[in-house]
Engineer: 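Quick one: structure below, then a few questions.
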Amino acid sequence: MGGETLQVKRSLLWERALKNYHQDLAGDKEFVKILKTSSLEELLADIPILRPVNSSERPLPCTMDRLEPTFKLLNDFLEILRKSCGAESAQTALVWGSIRMIVTLASTTDKILQEVFDMIEELALTIPHLESCKITVSMTTDMETALLSLYQEFICFYARTIRFFRNFRQPFMMRSSWPTLQGDFQRTIQRVKRLSNNIEREIELSRMRLDNQKYHVVLDFMARFKSQFPKNGDQVSHHLPFVECSHFYGRDDILCQIDEALFVQPSARSLRSFALYGMGGVGKTQIALKYANASREKFDNIFWISAQNSITIGQSFRNISKVLGLIELDTELDDHATILKVKDWLSSAKTSWLLIYDNLNDLSLIKHAWPAGYGGSVLVTSRDSSAALYPASSGCQVHAFDTDNGTAALLHLLGLDSESTSYQAEAKLITSELGGLPLALSQIGGFIAQRQMSLKSFLGFYDRNSTTVDAERPESMDCSQTLASVWEMALSGLSRNAKVLIMILSFLDLNGINETDLRNGTVLANDAAVRFMMDEIDFLDAQRDLLQRSLIDKSSESGVISMHRVVQRVVIRRMSDEERDKTFLLAIAIVSANFPDTYSADIGHQIASWNDCKKNLTHIESIVSKGTEFKIFEGENQPFAELLLRCSWYLYETENYSLARSYVDIALQKFVDKDSLAYASAVDLGGLIDVDICHPSAALEAFEKAYALRTSILPSDDLFLAASQVNLGLALTEIGEFEKALGYLQQSIDIRLMHNSDRIGNSYSNLASLLLRMGKPDDAEAILKSCPSLKDFSDETFLQTGNPRFSGDMVLLSRIRNAQGLHDEALKFACKALDFRRECSKERLKVCDSLYQVSVLRHKIGELELAQQLLQECIMISEALPHAEGLGHLARASYKISQVLADLGKPEESTFYLEKAIDIRGEFMKLDGDYVVVNGGASDFERLVPWMLW
């Protein structure tokens, strides 16, 4: 049965690898070709695969000869798979056939081909050297699983590489998209290294098992010899140096995991081990104590070893040896002899025993103190996650409480009514501030209880006195550690690089710190302190120091680093003022690298960077909040201002106007140089936000200020002046000053034509909008057709750009057709714009605008029910938007739906929406003092939104 089960598991692993390969390849088109190359010999025989396309004369940058040693390593690996895991030619073909296809596809570009060779070589070099151990190492289930997982990593990366070349066939597209594949490669390398380490560890364990066979023979002989004499190995004793916390709460799931791993029937003769790992203060020791005390009936002997260092380990073993009567009370043996005596007792004891190594943070200390026998159970607590792999055989990470459990634990500790909503709310705020850390909740709960403080007043007090509170241990606590001592132990002795890294991480978003973004950002930072991040080994070593102390967590799959809220704050509090200022600037520089520079050149939407911007938006939020909380650079700071400006442009482009406005306002205050282009850009951006939320007078004031600044800095034909002229024309069009708007827009066209700027379409579109507003739809159409962006675009290519600017052109064309009386065409373009905006903008203002435009056209041709549905959707989206953003759209849509409902014969509903529209318009007037009701009709509600929402 065991062989059959192993065969089934092996088949499932092969099947999963093949399935993942197919998925990453994204189709079977190349699969048949790949399977034709089933061996290394067939690959090397295929000389033409490196012949460049259309150039038989061009010398090759590299040849297959270079990769022959690499291929030898791969071949050894596949040979192991064939002998141990039943790999067939089809499975080996996925390696050789994929390499053949990758090299063929890459051979059109010398530089890319060179980098492909480097990738193949580096991947192969990460494989453990298996040839020397094929005979000596037994193939366990774990070993087979590790080998197949490593195989899967290789072939799936090859599949993704093939898909990459298939998607980007043109050399220029390959080069521009190459960083995407490089990022994938780096992540794959990390996973391969981890799997290779697992395999090497399994190899070492296998060899140790072989070496230990003779040792176990000796142990068996000693056990039989000792059985002939009386001994005290059957005695019962529980040696626990302190009691568990009297207010222990929850953790039932972890206690069950421990019990399942450590407690079996007494007849079972094997050493069972389990590790609890996690950051300091998360409650590992208290969980171990709870389990030990709850298991007194399950284990005859329970022994506690304080494993902080070699001295405490030796002292713990001396205490155990005295409890067991292995040495006389007044006898002193050296630590090594004492440990051997206890280990000898454990190996021969017929009773069940549990050994607990607490605070084993340096795993090297356990080498000589780990029990050598079998028949017992070992529980380890450690900050190092590696403890679950060695010395323990399994384990689990102990996390802080979530908000609900942490709140309940704090109320339980204080003896307060957990059903009281006021207590719950106040305790939840404290728990959130402390990140649910059990030691923090226990220590601070004791502090509150002893002084009979109110929950409501505590957070303000803690903010002012956190250092003192963290260092004080309330008398009611059953633990010798305090928050201060925990952090001192965790943070002292860090390497220089690890210290710099954790200080930077403490300013970033605690849940999503991407190591690739960190490394990319160090280039812009250009500071010697972070240069280590550019070296892969140094960077990983710094992370290792922090991981071993559980100061950070890291996903091995995504490379994303996370930290606990309390750790971040403690790290910042421990910094000197000079360290805070410098680290704050480093964090700003690193994050800035992932936002485009929008103020050094006249550029439009930076859609290609939006994904990076989105990932780093939470880091901006964290930097802003930490800067405010710890009063860092409260005055002017140019790098901080420029980072906020970069981020604000992205927020504006993605229609997050309220947050963009708040960051722009902060940036304007932080700028040191208020005569710079960057400052002018911030002023200009504030105006663009005002335009989109329909405050054109405020926008015009900002645009005029930015234009004056740029005019004083730049020559008269600079492209930035053209950008300002377009914005001035845009605001003047909204206000109704058409002649002034026309003059500015014509000036922008002249400058952009002079420079052959690709932004000329922006000028033409705004001029067409002005002409339509002036009642000249035919002239508007003629100008709009001049836009280069509209000439060669189909519906499909519009969508592929993801540029919301083009949707504005479609809306404008729809409105031109409507003004020309071509209502069917108008509806067609309006619907296309709506579809595009749904795809790109989601449920934001531009979608509201398009829903309204389509509903107007549906109403006009008598499709009343459809018009009603569209307007109801518009109202729903508007109501969900921030108040200042959606107010005008909500009022306009409410007024329009009242008209549609009247035409549908629903007077009561019509009246309801009309009154709602009037009320909302009143709210809008409070926000914009320039708005005046003219006639109370439809035109008044149209003026609540921009004439054109680009």
Engineer: In Å and rounded to the nearest 0.5 Å, what is the OG to NZ distance from Ser295 to Lys290?
Structural biologist: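 Those atoms lie 10.5 Å apart.
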Engineer: Verify the distance criterion only: is there a donor paired with an acceptor across the side chains of Gln315 and Arg318 at less than 3.5 Å?
Structural biologist: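 Side-chain D/A pair, Gln315 to Arg318: present.
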Engineer: Verify side-chain contact (heavy atoms from CB on, under 4.5 Å) between Phe263 and Tyr291, making sure each step is shown before the conclusion.
Structural biologist: CA-CA 11 Å; Phe263 180 68; Tyr291 180 73; 4.0 Å; yes
Engineer: Can you confirm whether Ile561 sits close enough to Leu546 that some side-chain heavy atom of one is under 4.5 Å from a side-chain heavy atom of the other?
Structural biologist: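 They are not in side-chain contact.
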Engineer: Do you know which two heavy atoms are closest between Ala388 and Tyr277, and how far apart they sit?
Structural biologist: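 For Ala388 and Tyr277, the tightest heavy-atom pair comes out as CB-CE2, 3.8 Å.
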Engineer: With a 3.5 Å distance limit and no angle check, can you tell me whether Thr381 reaches the backbone of Asn359 through a side-chain donor-acceptor pair?
Structural biologist: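 Indeed, once roles are kept as given, a pair shorter than 3.5 Å links the two residues.
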Engineer: Kindly indicate whether the side chain of Pro371, heavy atoms from C-beta on, has any atom under 4.5 Å from the side chain of Leu355.
Structural biologist: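 Heavy-atom side-chain distance check passes, below 4.5 Å.
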Engineer: Let me confirm one number: the CZ-CG distance from Phe532 to Leu501, rounded to the nearest 0.5 Å.
Structural biologist: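 Output value for this atom pair is 5.0 Å.
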Engineer: Please find the pair of heavy atoms, one from Gln286 and one from Phe248, that lie closest to each other, and give the distance.
Structural biologist: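 Scanning both residues completely, I find the closest heavy atoms to be O-CE1, 3.6 Å.
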Engineer: With side chains defined as the heavy atoms from C-beta onward, is the minimum distance between Phe154 and Leu78 less than 4.5 Å?
Structural biologist: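 Phe154 does not reach Leu78 side chain to side chain.
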Engineer: Can you sort out the partners of Arg549 under salt bridge (Lys or Arg N to Asp or Glu O under 4.0 Å), two or more places apart, ordered by chain and number?
Structural biologist: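 Once residues adjacent in sequence are excluded, Arg549 has no partner under the salt bridge (Lys or Arg N to Asp or Glu O under 4.0 Å) criterion.
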Engineer: Would you compute the distance between atom CG of Leu346 and atom CH2 of Trp353 and round it to the nearest 0.5 angstrom?
Structural biologist: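 If I round to the nearest 0.5 Å, the distance is 4.5 Å.
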Engineer: Return the SG to CG distance between Cys156 and Asp184, rounded to the nearest 0.5 Å.
Structural biologist: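 Separation between the atoms: 10.5 Å.
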Engineer: Distance-only, no hydrogens or angles: does the Arg383 side chain make a donor-acceptor pair with backbone N or O of Gln548 under 3.5 Å?
Structural biologist: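 Side chain of Arg383 to backbone of Gln548: no pair is present.
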Engineer: Below 4.5 Å, heavy atoms only, C-beta onward: do Met279 and Leu437 meet side chain to side chain?
Structural biologist: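 Yes. Closest side-chain heavy atoms under 4.5 Å.
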Engineer: How about Gln257 and Asp253: does a side-chain donor come under 3.5 Å of a side-chain acceptor?
Structural biologist: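 Result is no, nothing qualifies.
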Engineer: Do Ser393 and Ser273 have side-chain atoms, one donor and one acceptor, less than 3.5 Å apart?
Structural biologist: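 Short answer, yes.
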Engineer: Taking all heavy atoms of Ser316 and all of Trp304, pick out the closest pair and write down the distance.
Structural biologist: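 Scanning both residues, the minimum pair turns out to be CB-O, 4.0 Å.
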Engineer: For Leu379 and Ile258: C-alpha separation, side-chain torsions, deciding distance, then whether side-chain contact (heavy atoms from CB on, under 4.5 Å) applies.
Structural biologist: CA-CA 8 Å; Leu379 178 60; Ile258 299 172; 4.1 Å; yes
Engineer: Walk me through it: do Asn309 and Asp362 pass the test side-chain contact (heavy atoms from CB on, under 4.5 Å)?
Structural biologist: CA-CA 8 Å; Asn309 52 58; Asp362 182 354; over 6 Å; no
Engineer: Taking the side chain as every heavy atom from C-beta outward, state whether Asp300 and Ser352 have any atom pair closer than 4.5 Å.
Structural biologist: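 Result yes, sub-4.5 Å side-chain heavy-atom pair found.
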Engineer: Among all residues two or more places apart in sequence or in another chain, which pass the side chain to side chain donor-acceptor pair (under 3.5 Å) test with Lys554?
Structural biologist: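 For Lys554, the residues satisfying side chain to side chain donor-acceptor pair (under 3.5 Å) (neighbours in sequence not counted) are Glu515, Gln543.
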Engineer: Quick one: are Ile305 and Ile320 in side-chain contact, heavy atoms under 4.5 Å?
Structural biologist: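 They are in side-chain contact.
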Engineer: Using only heavy-atom distances, determine whether the side chains of Ser382 and Asp384 contain a donor-acceptor pair under 3.5 Å.
Structural biologist: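 Short answer, no.
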Engineer: Supply the atom-to-atom distance Leu360 CG to Leu276 CG, rounded to the nearest 0.5 angstrom.
Structural biologist: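 If I round to the nearest 0.5 Å, the distance is 12.0 Å.
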Engineer: Hey, mind stepping through Val398 and Arg251 against side-chain contact (heavy atoms from CB on, under 4.5 Å) and telling me if it holds?
Structural biologist: CA-CA 9 Å; Val398 181; Arg251 305 300 198 183; 3.9 Å; yes
Engineer: Do you know which two heavy atoms are closest between Ile537 and Asp535, and how far apart they sit?
Structural biologist: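 Looks like N-OD1, 3.0 Å.
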Engineer: I'd like to check Thr431 versus Leu441 (side-chain heavy atoms, cut-off strictly below 4.5 Å). Are they in contact?
Structural biologist: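 When only atoms from C-beta onward are counted, Leu441 and Thr431 do touch, with a gap below 4.5 Å.
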Engineer: Would you name the heavy atoms of Met563 and Leu505 that are closest together and state the gap between them?
Structural biologist: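 Reported closest heavy-atom pair: SD-CB, 3.4 Å.
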Engineer: Taking the inter-plane angle between the rings of Phe317 and Tyr357 on a 0 to 90° scale, is it parallel (under 30°), tilted (30 to 60°) or perpendicular (over 60°)?
Structural biologist: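 If you compare the ring of Phe317 with that of Tyr357, the planes turn out tilted.
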Engineer: Taking the side chain from Asp259 and the backbone from Leu255, do they hold a donor-acceptor pair closer than 3.5 Å?
Structural biologist: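 Side chain of Asp259 to backbone of Leu255: no pair is present.
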Engineer: Rounded to the nearest 0.5 Å, how far does CG of Leu551 lie from CG of Leu494?
Structural biologist: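 Between Leu494 CG and Leu551 CG, I get 6.5 Å after rounding to 0.5 Å.
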Engineer: Of all the heavy-atom pairs spanning Leu262 and Ser377, show the shortest one and how long it is.
Structural biologist: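 So the two residues come closest at O-OG, 2.6 Å.
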Engineer: Once ring pair (Phe, Tyr, Trp, His ring centres under 6.0 Å) is applied, do any residues pair with Phe185, and if so which ones, sequence neighbours excluded?
Structural biologist: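 Ring pair (Phe, Tyr, Trp, His ring centres under 6.0 Å) list for Phe185, sorted by chain: Phe157.
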Engineer: For Ser506 and Met503, indicate whether the former's side chain and the latter's backbone hold a donor-acceptor pair under 3.5 Å.
Structural biologist: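 A pair under 3.5 Å: yes.
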Engineer: Quick one, Ile513 and Ile552 - any side-chain contact, counting heavy atoms below 4.5 Å?
Structural biologist: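 Answer no - side chains too far apart.
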